[in-house]
Trainee: 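One structure follows; several queries about it will come next.
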Amino acid sequence: MDIPTREVYWNVHAYVLLMYAMAAVSVGAFLYGFYRKISPIKIGAHDISLDRWPERLRGVYLWEKRFFRQKTAGFMHFVMLWGAVLLFLGTVVVFIHEDLRIRIMAGSFYLVFQSLILDIAGFLAIVGMIVALARRHLFRPARLANGTAADSLLLVLLLALLVTGFLVQGVRIVATRDLWGAWSPVGLAFGVGISPLIADPGAQLLAHKSLWLLHAALAFATIGIIPYTKLGHLIVAPVNVFLRPLDGTGIPRPIDFEKEGVLGVATISDFTAKQLLDLEACTACGRCEERCPAARTNKPLSPRQLILDLRSELRARRATGVGSQKPDQEKAEPAPADLLVPRAIADEAIWSCTTCLACQKECPAHIEPVPKIIGLRRYQVMEVGEFPAKLEEASNSLEKRGHPFTGISVSRAAWMEGLDDVDAHLNAKEAGTLFWVGCSAALNERTMKIAAAFYRVLTAAGIEFRILGTKEPCCGDPVRRIGNEYQYASIVQQNLDTFKSQNITSIVTTCPHCFSAFKNDYAQFGGNLNVTHHSQFILDLMRSGKISLAGTADKKLTYHDPCYLGRYNDVYEPPRAVLAGARLVEMPSSRSSSTCCGGGGGRFWIDEQPQSRVSYLRMQEIIDSRAEAVVTACPFCMLMLDEAAKSKAKGQVEVIDLAEWVLQRIGTSDAVPV
Amino acid sequence: MNIVVCLKQILDPEIPAQDFRIDQERKEPTQGNASLVISPFDENALEVALQMRERAGEGRVTAISIGSSSGTLALRKALAVKADQAVHVAAEGTINSFTAAAILGAALKKLEFDVVLCGRQAGDWDFGVVGPLLAESLGIPCVPFVTEASYAGGAIQAKRQTLDGYDLVKAPLPVVLTVTNASTNNLRYPKVKDVMMADRKEILAWEAATLLGGESPDASIEVRDLFIPVHKVECELIEGDNATEKALKLARRMRELKLV
Ligand code: SF4
Ligand code: SF4
């Protein structure tokens with residue numbers, strides 16, 4: 001019996017040269033297109049890094065997980081991507097077999113891989129494309145609303161490519177009475193399906209030839225247009241994933257004030273090369289916008305639009321060649337016509353962001369809108385000196401009185417009133433761990449109960465710890481997110497000096513903003529602190545038996561993930577483990593898809609119309625969960641949600657902090673009952 | 001055009017009531033953890049000065065402050081928003097509105113000026129007389145409660161706030177304006193580069209005693225007592241099963257207390 005294989009270029013030997021010619025044109029167009037697409041990113045400062053490449057590769061591999069954050073879109077992308085990869089490998093096999101004359105396309109490898117697997121892959125890809133077309137035209141999710149005709153046309157092109165492929169294969173199987181035809185069931189089905197139309201052998205040969213030519217033309221056209229169309233994301237997105245920043249997603253980079261010419265981002269060339277690559281990686285899929293609390297509450301910000309607007313700017317620069325000089329030397333003053341805000345990006349857009357990171361966690365291409373927004377803010381704050389008045393007040397207050405609030409009536413000492421052994425903890429110079437209270441917990445009547453509750457939990461567990469009391473400054477998080485990096489850098493320096501002089505190396509805090517700042521941002525300034533959030537700390541106390549929780553779980557609870565605890569630091573499980581004994585219902589938007597409370601990124605200070613409050617959006621989700629109380633683990637979330645609970649939920653929902661919930665169950669307090 | 005702005009550095013007026021203490025000896029609030037800030041109306045005055053210079057397209061803004069050495073913070077801030085020069089007048093002991101006006105008057109003799117700007121009143125003692133006293137001692141006019149001003153044709157045109165609107169006032173030079181707050185004169189936010197530059201600029205250091213030629217100015221007034229008012233609130237809860245009963249009990253109690 002013959003060895004299973006097939007004759008490559010059967011019936012079309014005469015056209016092989018033509019095919020190579022088409023291939024050359026197509027590859028040329030492909031390479032030129034990518035060069036044109038990618039080379040403008042060099043106007044940005046060089047920050048592309050290939051270090052820790054195994055980790056990077058793993059990220060590209062795990063990338064699919066992101067697809068499946070949305071099931072239908074995930075399936076569609078999965079089958080189309082792997083279909084494309086496998087079919088491409090099939091072509092490589094042909095190349096090796098025919099052009100390199102290494103005869104690998106034979107035997108069971110031919111039957112199983114080259115025939116059966118590719119057949120199925122192609123078929124699934126067709127299904128994927130039909131799903132994609134159906135999503136665009138029949139069951140259109142809101143985020144695809146502004147898809148273009150060109151997007152649909154591309155899908156039709158791909159579909160035609162696959163269908164002609166199967167037809168070529170099918171006609172060949174029928175015409176050559178291929179013994180192994182059944183190993184390509186889909187191709188065979190196509191062949192059998194079309195055979196009534198082309199019964200006589202001459203017609204079969206002609207049909208095969210024309211279909212083959214058509215298929216080849218479509219294939220090379222597709223390859224050629226990849227960089228010029230949306231298909232470019234096939235290449236740029238995985239490259240972008242590979243080059244992603246490995247540490248501190250969403251954390252802005254520090255500025256060297258001695259060296260930097262322009263502070264922050266004034267024009268498109270003030271972004272770094274990697275940030276500019278982000279722009280070319282965007283597929284306009286809209287997943288980010290769908291989760292963005294600002295966009296969801298009709299603010300003039302959509303992360304997708306921001307990326308696309310910046311991309312238009314980059315492409316316009318490419319067209320005019322402006323800004324092609326390398327930014328090595330001391331940068332000159334930016335030309336007014338090149339300023340991004342407010343010409344290309346609306347001023348209100350950059351101030352609407354809560355820096356919640358939802359967009360970044362959702363983006364299948366690992367694009368980072370947040371550091372870009374902070375870059376734009378930096379320029380407005382530090383070079384222009386114009387930003388929302390409320391944020392100016394917060395910045396000023398932080399400078400004057402060491403906390404970002406105005407008009408507060410309580411003193412920093414207030415939360416300590418009535419607690420045991422305060423003086424001992426204030427003077428506990430030797431005790432290692434510092435309980436850092438944070439401005440938001442210390443300076444508000446409601447949130448100071450969180451500080452007191454955690455203090456009591458620590459005391460009940462017999463932990464040695466110290467507090468700074470009225471000497472505690474601000475961690476600086478609000479001014480960094482606002483874009484006041486100069487002020488931030490000096491706060492960090494002062495705090496690190498204080499920690500050093502007082503021998504503080506280990507910190508526990510109830511505020512995720514302080515937690516994340518000490519852990520991620522301070523590390524950029526040489527801080528090397530062992531930082532724990534109280535949810536983690538309490539869980540450790542429970543696990544080591546230092547506290548045990550009793551009491552019945554009467555109320556139905558839900559848990560609200562604070563952005564700076566969850567998305568910024570992946571702390572999703574410890575608070576849930578602490579709440580293990582509770583009747584906990586999860587909201588659909590939880591963990592990394594949690595909806596922001598609306599208080600991050602300086603938005604806490606900005607007054608919002610009730611109908612556009614992010615906190616109300618979240619409160620509605622809490623109400624919909626039918627929980628009677630929501631537990632959170634952040635004083636800012638507490639303040640935002642507490643207000644929403646009173647006005648939006650009419651007091652039907654109680655808002656409590658994890659520390660308060662725990663304290664009740666170790667039975668040493670008469671605090672907020674739940 | 002030479003503009004001089006007088007800046008007073010005061011204790012942060014936003015000290016939470018709980019933290020506010022008085023030094024009975026000196027009859028002054030104690031600083032505690034609170035910081036020193038530019039008196040709010042003086043910030044408005046500084047902004048008006050900067051706007052006047054911008055509108056005129058020329059001019060020099062000099063910021064001047066009296067007090068202990070910590071007073072330079074206010075002056076650094078003034079330099080950061082681009083005042084052209086800063087003068088610090090070191091002075092010992094308690095300074096009240098009268099002594100301040102005398103010291104400022106003496107300092108102004110050493111400076112060239114066309115317009116002097118003060119906040120309408122200081123954010124700590126709220127006396128509101130330094131501007132007028134200064135004008136009187138210099139023998140020049142004073143326009144109080146100004147929100148905006150500009151220089152035109154050798155005179156000053158100022159918008160002066162009144163109870164039901166504003167007056168547009170024209171005044172000859174030199175003149176003293178006291179400034180009140182308005183949405184148009186919140187002090188601008190300094191640019192980082194200017195803050196960095198301001199840190200390197202020199203602040204002229206003068207001595208009040210030298211300026212006054214050894215004479216001590218007449219304090220004119222004396223603080224006899226300073227205390228934090230105590231608002232006593234007594235709260236009594238009226239119990240009752242329903243609204244009618246509570247209302248009846250409340251009425252009875254109010255009569256007992258002779259409140260009705
Ligand atoms: S960080 Fe949050 S608010 Fe800002 S753009 Fe992204 S999703 Fe929107
Ligand atoms: S930024 Fe990412 S999530 Fe947003 S539209 Fe672009 S590719 Fe999609």
Trainee: So what's closer than 4.5 Å to chain A heavy atoms on B:Ile38: side chain, backbone, both or neither?
Mentor: neither
Trainee: Under 4.5 Å, counting heavy-atom pairs only, tell me which of A:Gln487, A:Glu399, A:Glu386, A:Met382 racks up the most with chain B.
Mentor: A:Met382
Trainee: Among side-chain atoms of B:Gln157 and B:Ser150, is any donor-acceptor pair under 3.5 angstrom?
Mentor: no
Trainee: For the atom pair CZ (B:Arg120) and OG1 (B:Thr147), what is the distance rounded to the nearest 0.5 Å?
Mentor: 11.5 Å
Trainee: Heavy-atom distances under 4.5 Å only: say whether A:Phe387 touches chain B with side chain, backbone, both or neither.
Mentor: side chain
Trainee: If you tally heavy-atom pairs under 4.5 Å against chain B, which of A:Glu485, A:Lys471, A:Glu392, A:Arg412 wins?
Mentor: A:Glu392
Trainee: Without hydrogens or angle criteria, can the side chains of B:Asp114 and B:Tyr151 be said to hold a donor-acceptor pair below 3.5 Å?
Mentor: no
Trainee: Could you tell me whether A:Arg480 and A:Asp521 make a salt bridge, using a distance below 4.0 angstrom between a side-chain N and a carboxylate O?
Mentor: yes
Trainee: Contact part of A:Thr406 toward chain B, heavy-atom cut-off under 4.5 Å: side chain, backbone, both or neither?
Mentor: both
Trainee: Please look at A:Ser409 and chain B and tell me whether the side chain, the backbone, both or neither of the residue comes under 4.5 angstrom of a heavy atom of that chain.
Mentor: backbone
Trainee: I'd like to know if the side chain of B:Thr30 reaches the main chain of B:Gly32, judged simply by a donor and an acceptor atom lying under 3.5 Å from each other, with no hydrogens or angles considered.
Mentor: no
Trainee: Can you tell me how the ring of A:Phe636 sits relative to the ring of A:Phe604, calling it parallel under 30°, perpendicular over 60° and tilted otherwise?
Mentor: perpendicular
Trainee: Is A:Glu417 close to chain B through its backbone or its side chain, or both, or neither, when contacts mean heavy atoms under 4.5 Å?
Mentor: side chain
